[in-house]
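Worksheet: one structure, shown below.
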Amino acid sequence: MLLKREDIVLLRKRLVTIIGHGAQFFDGANPRMVVDEDTYEERWESLSEESLAEAEKLRSTIMELSVDIAGAARASPMLAEADMQELRLSTRQMLANVRFREYRHSGVYVHHDEDMVLGVDPPSHEYLMVRDTAAARMLFDEASAKILDLVDLLSPTDATESAHLNTSNYRPNTAFIMMAIDSSKPELEDIRNSIKEVFKKFGIHAITAEDIEHEDAITARILDEIDTSEFHIADLTYERPNVYYEVGYAHARNKRVILYRKKGSKLHFDLAHRNCPEYENATALKKKLRMRLEAMTNKRNPVGGR
């Protein structure tokens, strides 16, 4: 069966959506939900019906996607049985993490003394406690990243061509802003408005996820904005997982993302090698962004002046 590039892109979108839902689920979890083995069951059952339903829905979508990825992987000349094993193990890890557990797998172990085999331990697996929900989230992110890498290897030809999908829907003079959304932090509104203001001076209409009608943290609607916008900018302040995933998706689609962060913000390892200037306040950010857009658009005197 020949893999179609649109099918691979859809698998990737589904996985990115699951990653976003996972980030939302862990964000809403009690950070001290897991304390020890004796109290785990009681604490898990004490979660609200909404949280329990959310967890089971997340697990269900993970399993469904894993089955579909496995089917596509079997048709790909790039993936071998070792990759299928990686998919199975990573899927089990994600399923366990949603339940605030850790999945560990051990392969065949051969006991030997120099050239003499003394015995063989068969493969085994176990589910362990995690110290807290933050640890479960970290394991979830690591496992999902491994599956994301496998999806990107499904078909090298299609993966390359998929970066050029939606070119017929390419919208010039548009920009998508990826940044934290938190009503309890009013300074974010100043940053958002400052970015929009600078883009507007260059005749570019910029929007954020808040400007899109959507129900969840990351949706196909948001990914479509990333696919079709001409410009992309991300503020990595507050280190929001959703923002990092959106940036990762944009990079996978060969989009050039302008990165900034407020002074003192930690830059995670997956973007540590990227150019991500710091700013002290909204005024400084506007100046830096204006200079960047002047270089990118070759417009030295944008509409509205300086």
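Residue indices begin at 1 and follow the sequence shown.
- A salt bridge does not link Lys262 with Asp235: none of the charged nitrogens is closer than 4.0 Å to a carboxylate oxygen.
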In sequence, state the C-alpha distance, the side-chain angles, and the governing distance for Glu294 and Arg290, and then conclude on salt bridge (Lys or Arg N to Asp or Glu O under 4.0 Å).
CA-CA 6 Å; Glu294 283 182 352; Arg290 177 179 56 77; 3.1 Å; yes
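- Heavy atoms only, all atoms of each residue included: Val243 and Ala234 are closest at CG1-CB, 4.5 Å.
- Among all heavy-atom pairs drawn from Ile181 and Ala209, the shortest one is CD1-CB, 3.9 Å.
- Remark: the backbone N or O of Ile258 is not paired with any side-chain donor or acceptor of His232 at under 3.5 angstrom.
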Give the C-alpha distance, both sets of side-chain angles, the deciding distance and a yes or no for side-chain contact (heavy atoms from CB on, under 4.5 Å) between Leu223 and Val16.
CA-CA 9 Å; Leu223 299 183; Val16 171; 4.2 Å; yes
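- Contact detail for Thr91 and Leu87: the closest heavy-atom pair is OG1-O, 2.7 Å.
- The CD atom of Glu230 lies 10.0 Å from the CZ atom of Arg171; values are rounded to the nearest 0.5 Å.
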Between Thr174 and Phe231, does a side-chain contact (heavy atoms from CB on, under 4.5 Å) hold up when you go through it step by step?
CA-CA 6 Å; Thr174 58; Phe231 296 91; over 6 Å; no
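- A heavy-atom distance below 4.5 Å is not found between the side chains of Leu11 and Asp7.
- Salt-bridge check for Glu54 with Lys57: failed, with every basic side-chain N at 4.0 Å or more from each acidic carboxylate O.
- Using a 4.5 Å heavy-atom threshold, the side chains of Leu236 and Cys276 count as touching.
- Looking at heavy atoms from C-beta onward, Glu56 lies in side-chain contact with Arg99 at the 4.5 angstrom threshold.
- Taking the charged nitrogens against the carboxylate oxygens, Asp182 and Arg240 do have a contact shorter than 4.0 Å, which makes a salt bridge.
- The minimum heavy-atom distance between Tyr279 and Asn281, with the atom names listed, is CD1-O, 3.4 Å.
- Taken from CD in Glu278 to NZ in Lys288, the straight-line distance is 8.5 Å, to the nearest 0.5 Å.
- The pair Glu239-Lys266 does not meet the salt-bridge criterion, since no charged nitrogen lies less than 4.0 angstrom from a carboxylate oxygen.
- Clustering ILVMFWY residues whenever any of their side-chain heavy atoms sit less than 4.5 angstrom apart, transitively, puts Leu271 in the very cluster that holds Val257.
- In this structure, the separation between CG on Asp224 and CZ on Arg221 is 7.0 Å, given to the nearest 0.5 Å.
- Within a 6.0 Å sphere centred on CE of Met291, other residues, nucleotides and ligands contribute 12 heavy atoms or fewer.
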Just do the salt bridge (Lys or Arg N to Asp or Glu O under 4.0 Å) check on Glu64 and Arg14 with the steps written out, would you?
CA-CA 10 Å; Glu64 291 173 2; Arg14 288 170 61 190; 5.1 Å; no
Full working for side-chain hydrogen bond (donor to acceptor under 3.5 Å, both in side chains) between Tyr245 and Asp141
CA-CA 10 Å; Tyr245 288 129; Asp141 289 345; 2.6 Å; yes
Verdict with supporting geometry, Phe176 and Tyr249, ring-ring contact (aromatic ring centres under 6.0 Å, His included):
CA-CA 13 Å; Phe176 187 67; Tyr249 178 81; over 10 Å; no
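- Contact of the Arg137 side chain with the Asn97 side chain is not registered, since no non-hydrogen atoms from C-beta on lie closer than 4.5 Å.
- Aromatic rings from His205 and Phe199 are positioned such that their centres are separated by 6.0 Å or more.
- For CZ of Arg88, the number of neighbouring non-hydrogen atoms (other residues, nucleotides, ligands) closer than 6.0 Å is greater than 12.
- Residues Met179 and Ile191 meet the side-chain proximity criterion, which asks for heavy atoms closer than 4.5 Å.
- Rounding to the nearest 0.5 Å places CG of Leu285 at 10.5 Å from CZ of Arg292.
- Ring-centre distance between Phe140 and Tyr103: not below the 6.0 Å cut-off.
- There is a path of hydrophobic side-chain contacts, each under 4.5 Å, that joins Leu15 to Leu153.
- There is no path of hydrophobic side-chain contacts, each under 4.5 Å, that joins Leu10 to Val151.
- Looking at Glu197 and Lys286, a side-chain N of the basic residue comes within less than 4.0 Å of a carboxylate O on the acidic one, giving a salt bridge.
- Residues Glu102 and Glu126 are not in side-chain contact: their nearest non-hydrogen atoms beyond the backbone lie 4.5 Å or more apart.
- A distance-only check finds a donor-acceptor pair linking the side chain of Asp211 to the backbone of Thr208 [under 3.5 Å].
- Taking all atoms of both residues into account, the shortest heavy-atom contact from Ala282 to Asp190 is CB-O, 4.4 Å.
- Put simply, CE on Met178 and OG on Ser229 are 8.5 Å apart, with the number rounded to the nearest 0.5 Å.
- Lys196 places a side-chain heavy atom less than 4.5 Å from the side chain of Ile177.
- For the atom pair CD1 of Ile69 and OG of Ser90, the computed distance is 10.0 Å after rounding to the nearest 0.5 Å.
- The residues Lys13 and Asp227 are annotated as salt-bridged, a charged nitrogen and a carboxylate oxygen being separated by less than 4.0 angstrom.
- Across all their heavy atoms, Asn242 and Ala23 have their closest contact at OD1-CB, 3.4 Å.
- A cation-pi geometry, defined here as NZ or CZ lying under 6.0 Å from the six-membered ring centre and within 45° of its normal, holds between Lys185 and Tyr238.
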Let me see the working for Arg101 and Val130 under side-chain contact (heavy atoms from CB on, under 4.5 Å), right down to the final yes or no.
CA-CA 6 Å; Arg101 296 281 193 174; Val130 293; 5.8 Å; no
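- Residues Met94 and Met138 are members of separate hydrophobic clusters, defined by side-chain heavy-atom contacts under 4.5 angstrom among Ile, Leu, Val, Met, Phe, Trp and Tyr.
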Check the pair His21, Thr61 against side-chain contact (heavy atoms from CB on, under 4.5 Å), reporting the backbone distance first and the verdict last.
CA-CA 10 Å; His21 289 172; Thr61 55; 5.7 Å; no
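- Linking ILVMFWY side-chain heavy atoms closer than 4.5 Å, directly or via other members, places Met84 and Leu148 in two distinct hydrophobic clusters.
- Residues Val98 and Leu95 form no side-chain contact, since every pair of their non-hydrogen atoms from C-beta on lies 4.5 Å or further apart.
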